[in-house]
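Before any comments, here is the structure.
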Amino acid sequence: MKKKTLIFVFLCIFIFSLYNSAYADSETDFQYFIGELRSEGLIPEEPGSIIKIGEFSDEMAQLGYYSWFPMIDAENFVLSSKLTWASGNEHPNSTQAGCGVVFGADPVTNYHVLASVRMDGTVYMSGFNQTGNLKYGNNYYGVPTFEGTTDFALVVNGMNVYIYLDGKQVMDRHSIYGYGTSVGPAVLSGSNWKFGNRCTWTDTYLFVF
């Protein structure tokens, strides 16, 4: 009995060590990414604060619509997350289905900017204000897929916005006007079938400067 207890204790210590190691590696990688952005002049050298955000998942089954909610306030920031998506339909409207982050948002008016990864293999920059839907363009990033995972990063510095996937910059836009400071996850539905589209954000870090 003592031997089994000892093995259990060692197993718990081992799992705890692996968890802490993974957590440390994730934050270390994020800090390294911050350093690269500074060296490239994309964000200032001034100090900021790093916030670890817990895992979050959401889904939506309403073709052609997307939902979001304010999670945190930040005007200039770097957000990094392991982003995973899946569709309840193997053949969704891939140009509309995806996951992303709303920023520069005013929850009262719902005016906002949206950076999203779509299932058609493209990243989009869009938004909404008093004139209606906004389009800032889209860039190809990979093969279309109704389920997948990527390391997603969003950099907002003033009116300059950059999107990274798996460590590679895939979009940059300038003169992007924000309407507020709310930032939050967004789910874009490309199907009414089953759960529609599901998005999960893990290992999410936010650097505010």
Side-chain angles (χ1 to χ4, degrees), residues 19-20 22-34 37 48-62 65-88 92 94 96-105 107 110 112-127 138 141-142 145-156 161-171 178 180-191 194-209:
Y19 175 82
N20 279 332
Y23 177 86
D25 287 345
S26 297
E27 185 166 354
T28 299
D29 290 343
F30 184 61
Q31 290 174 337
Y32 179 77
F33 180 56
I34 295 298
L37 294 173
S49 56
I50 293 178
I51 303 169
K52 175 71 164 67
I53 301 174
E55 180 177 328
F56 176 76
S57 183
D58 197 10
E59 58 189 42
M60 184 179 186
Q62 192 172 1
Y65 289 84
Y66 65 91
S67 65
W68 74 278
F69 72 89
M71 178 177 285
I72 198 165
D73 284 324
E75 184 174 4
N76 297 308
F77 64 89
V78 179
L79 185 147
S80 175
S81 184
K82 175 74 72 174
L83 182 58
T84 301
W85 62 88
S87 174
S94 59
Q96 296 179 318
C99 310
V101 173
V102 161
F103 63 97
N110 196 35
H112 60 266
V113 185
L114 169 64
S116 59
V117 181
R118 309 284 178 94
M119 294 182 186
D120 63 352
T122 307
V123 291
Y124 287 74
M125 189 83 70
S126 56
N138 54 283
Y141 74 84
T145 173
F146 71 94
E147 60 181 20
T149 300
T150 188
D151 289 324
F152 171 87
L154 174 66
V155 181
V156 179
V161 182
Y162 309 91
I163 299 176
Y164 289 77
L165 296 183
D166 294 327
K168 179 182 179 181
Q169 187 184 115
V170 293
M171 177 176 279
T181 58
S182 288
V183 180
V187 178
L188 298 86
S189 180
S191 174
K194 295 182 180 178
F195 56 82
N197 185 39
R198 179 181 297 128
C199 302
T200 303
W201 295 260
T202 56
D203 290 331
T204 303
Y205 291 89
L206 182 72
F207 174 69
V208 181
F209 57 91

- Message: Using 0.5 Å steps for rounding, measure from the CG atom of Asn138 to the CE atom of Met171.
- Response: 6.0 Å

- Message: How close do Gly100 and Trp201 get, counting heavy atoms only, and between which atoms?
- Response: O-CZ2, 3.4 Å

- Here the gap from Leu188 atom CG to Ser116 atom OG, rounded to the nearest 0.5 Å, amounts to 5.0 Å

- Query: When rounded to the nearest 0.5 angstrom, what is the spacing between CG in Leu154 and CG in Leu165?
  - Reply: 10.5 Å

- Side-chain donor/acceptor of Ser191 to backbone N/O of Gly196, under 3.5 Å: no

- Task: List the atom of Ser67, the atom of Asp58, and the distance in Å for their closest heavy-atom pair.
- Result: OG-OD2, 4.2 Å

- Task: Please work out which of the three classes, parallel, tilted or perpendicular, describes the rings of Tyr205 and Phe30, given edges at 30° and 60°.
- Result: parallel

- Heavy-atom side-chain proximity of Met125 to Ile163 below 4.5 angstrom: yes

- Query: To the nearest 0.5 Å, what is the distance between NE2 (His112) and OG (Ser182)?
  - Reply: 11.5 Å

- Item | Nearest heavy atoms of Thr84 and Cys99, plus distance in Å | O-SG, 4.2 Å

- Task: Give the minimum heavy-atom separation between Met60 and Ser189, together with the two atoms involved.
- Result: O-OG, 3.2 Å

- Only one of Asp151, Asp166, Asp29 passes salt bridge (charged side-chain N to carboxylate O under 4.0 Å, His left out) with Lys82; say which it is. Asp151

- Take Phe103 and Val161 through the test side chain to side chain contact (heavy atoms under 4.5 Å, CB included) and record every step on the way to the result. CA-CA 10 Å; Phe103 63 97; Val161 182; 3.9 Å; yes

- Task: Take Gln96 and Asn197 through the test side chain to side chain contact (heavy atoms under 4.5 Å, CB included) and record every step on the way to the result.
- Result: CA-CA 10 Å; Gln96 296 179 318; Asn197 185 39; over 6 Å; no

- Using a 4.5 Å cut-off on heavy atoms from C-beta on, say whether the side chain of Phe77 contacts that of Ile72. no

- Does a sphere of radius 6.0 Å around OH in Tyr65 hold more than 12 heavy atoms from other residues, nucleotides or ligands, not counting ones at 6.0 Å or beyond? no

- Query: For the residue pair Tyr124 and Arg118, what are the closest heavy atoms and their distance?
  - Reply: CD1-CG, 3.0 Å

- Item | Derivation of the side chain to side chain contact (heavy atoms under 4.5 Å, CB included) call for Phe152 and Val101 | CA-CA 10 Å; Phe152 171 87; Val101 173; 3.7 Å; yes

- Phe207: which of Leu37, Val78, Ile51 passes side chain to side chain contact (heavy atoms under 4.5 Å, CB included): Val78

- Any side-chain heavy-atom pair of Trp85 and Val187 under 4.5 Å: no

- Task: Working to the nearest 0.5 Å, report the span between CG of Asp73 and OG1 of Thr181.
- Result: 4.0 Å

- Closest non-hydrogen atoms of Phe146 and Pro92, given as atom of the first, atom of the second and distance, are CB-CD, 4.1 Å

- Query: Looking at Tyr164 versus Phe33, is the centre-to-centre ring distance below 6.0 Å?
  - Reply: yes

- Query: In Å, rounded to the nearest 0.5 Å, how long is the span from SG of Cys199 to CZ of Phe56?
  - Reply: 9.0 Å

- Query: Within a radius of less than 6.0 Å around CD of Glu59, do more than 12 heavy atoms belonging to other residues, nucleotides or ligands occur?
  - Reply: yes

